[in-house]
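Just so we're on the same page: letters track the sequence lines, and every chain starts at 1. Because only heavy atoms are used, hydrogens play no part in the values below, and waters and symmetry mates are left out as well, while side chains stay in.
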Amino acid sequence: MPELPEVETTLRGLQPHLINRTITSIQIKQPKLRWPVPAEILTLQQATINSLSRRAKYILMYTDQGNMIWHLGMSGSMRLLADQQPGSKHEHIKITLHDGFSLRYIDPRRFGALLYTDSDPLCHKLICDLGPEPLTEEFNTEYLQQKCATRSSPIKTLIMDSHTVVGIGNIYACESLFLSGINPRTKACKISFHRLEKLVNSIKSVLQQAIQLGGTTLQDFTQTDGQPGYFAQKLNVYGNKTACPNCGKPVSRIIQAQRSTFYCTSCQK
DNA sequence: AAAGACACCTGTCCGC
DNA sequence: TGCGGACAGGTGTCTT
């Protein structure tokens, strides 16, 4: 499910409700997520949440006693509800706050994770070697060209690799390649500086617009108040439901790296 | 080092 | 109505 815009939307929804709140209890109803939820999480009962941030698709929660690292996997979402509200079928974790609200982690496929660290989450081994954030200056055409120069893999695979740049999943990879007119199968090292510049700009604008609209809801994703994201209406090629908005020809679907790629064979060369 | 395949899990949809 | 198969927003790890 969640790519960078959905994780950012989740973060922004949580922040005002979690900062400076004290945890009164933590219920782990289903510890079998992508990795087992570590027992140390339970030591955070009575902890006060100091701050929240995002790195790649991870949500980082800093408390006065230790830190949580969350990942939403393919189908995860987080909601804030009154504590007495019953949980849904796939609610795996419930964190109750002193103010009567509780944070619920819902994840039907259980590809997500909750990890614990008492040091800086940015130094965690899953996080420390990641590529730059796409919406920062650090992600620019010179950087991408240097990454592409030695790579024969398709450009779509490369921009989805978190060691190149973080946060771009299947939807936004397809959409940004469409906006920049690049065929997803093109070998990364064969793309000119000018076209990479268009790609960098497309990535930034598509992610920014998606964040503004609260992300993309296809099935599971909801914002923390239960609302869907509205970017689905802006998708040009992903999902293949309509013709190419540019030329009217049918959108093609191919498989790359075991994932569906949607693109227009006449507009993307 | 880099590219590709596979694994993890549940739900939904489509064709027969 | 039921059943099998394909497919779904991610990514670490293993194999080539």
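When each of L199(A), I191(A), N201(A) is tested with S180(A) by the rule side chain to side chain contact (heavy atoms under 4.5 Å, CB included), just one qualifies, namely L199(A).
Closest contact between the side chain of S153(A) and the listed nucleotides dT11(C), dA3(B), dA2(B) involves dA3(B).
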Checklist outcome for this item: Once base and sugar-phosphate atoms are separated, protein heavy atoms under 4.0 Å mark nucleotides 5-13 of chain B, 5' to 3', with B, S and - as BB-BBBS--
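Atom pair W70(A):CH2 and dT11(C):C1' shows a separation of 19 Å (rounding to whole Å applied). When rounded to the nearest whole Å, the span between CZ of R259(A) and C1' of dA3(B) equals 16 Å. Regarding D107(A), its CG atom lies at a distance of 11 Å from the C1' atom of dG10(C), rounded to whole Å. In this structure, the CD1 atom of I127(A) is 17 Å from the P atom of dG10(C), given to the nearest Å. Rounded to a whole Å, the CG atom of L33(A) is 16 Å from the P atom of dG12(C). Remark: P of dT11(C) and CH2 of W35(A) are 9 Å apart, rounded to the nearest angstrom. At whole-Å resolution of the value, CD1 in I254(A) and P in dG4(B) are 12 Å apart. Rounded to whole Å, the distance from CG on D129(A) to C1' on dT13(C) is 15 Å.
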Output a table of nitrogen or oxygen pairs between the protein and nucleotides 14-16 of chain C separated by less than 3.5 Å.
none

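Between dA8(C) and S260(A), a contact under 4.0 Å exists linking OP1 or OP2 to a side-chain N or O. The shortest distance between the side-chain N/O atoms of S162(A) and the OP1/OP2 oxygens of dT11(C) is not below 4.0 Å.
With sequence neighbours excluded, the residues forming a side chain to side chain contact (heavy atoms under 4.5 Å, CB included) with F111(A) are M74(A), R109(A), listed by chain and number. In this structure, Y263(A) has no ring-ring contact (aromatic ring centres under 6.0 Å, His included) partners at least two apart in sequence or on a different chain. By the side chain to side chain contact (heavy atoms under 4.5 Å, CB included) test, A149(A) pairs with no residue at all, sequence neighbours left out. Take Y105(A) and apply the ring-ring contact (aromatic ring centres under 6.0 Å, His included) test, not counting sequence neighbours, and it matches W70(A).
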Checklist entry - For DNA chain C, what is the dot-bracket line, given that a base pair needs Watson-Crick (N1 to N3, plus N6-O4 or O6-N4) or G-U wobble (N1-O2 and O6-N3) geometry with both distances under 3.5 Å, and | means paired with another strand? => result .|||||||.|||||||
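Identified under the salt bridge (charged side-chain N to carboxylate O under 4.0 Å, His left out) test for residues 11-32 of chain A, with sequence neighbours left out: E8(A)-R12(A), R21(A)-D99(A), K29(A)-E91(A). Every pair passing salt bridge (charged side-chain N to carboxylate O under 4.0 Å, His left out) that includes a residue from residues 59-83 of chain A is listed here, sequence neighbours excluded: D83(A)-K94(A). Identified under the salt bridge (charged side-chain N to carboxylate O under 4.0 Å, His left out) test for residues 130-140 of chain A, with sequence neighbours left out: R54(A)-E133(A), R55(A)-E133(A).
Under a 4.5 Å side-chain heavy-atom cut-off, the cluster of Ile, Leu, Val, Met, Phe, Trp and Tyr residues that includes F193(A) has no other member.
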Donor-acceptor list for residues 157-170 of chain A side chains, cut-off 3.5 Å, not counting sequence neighbours:
{"unit_1": "D161(A)", "atom_1": "OD1", "unit_2": "H163(A)", "atom_2": "N", "d": "2.8"}
{"unit_1": "H163(A)", "atom_1": "ND1", "unit_2": "D129(A)", "atom_2": "O", "d": "3.2"}
{"unit_1": "T164(A)", "atom_1": "OG1", "unit_2": "L158(A)", "atom_2": "O", "d": "3.0"}
{"unit_1": "N170(A)", "atom_1": "OD1", "unit_2": "K156(A)", "atom_2": "NZ", "d": "2.5"}
{"unit_1": "N170(A)", "atom_1": "ND2", "unit_2": "S260(A)", "atom_2": "O", "d": "2.9"}

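No close placement of the Y172(A) and F178(A) rings is indicated, their centers lying 6.0 Å or farther apart.
No engagement by T157(A) is indicated, since no non-hydrogen atom pair under 4.0 Å with the nucleic acid exists. Among the protein residues, F231(A) comes within range of no part of the nucleic acid, since none of its heavy atoms lies under 4.0 Å from any strand.
Between H17(A) and F101(A), the ring planes lie tilted relative to each other; the angle falls in the 30° to 60° range.
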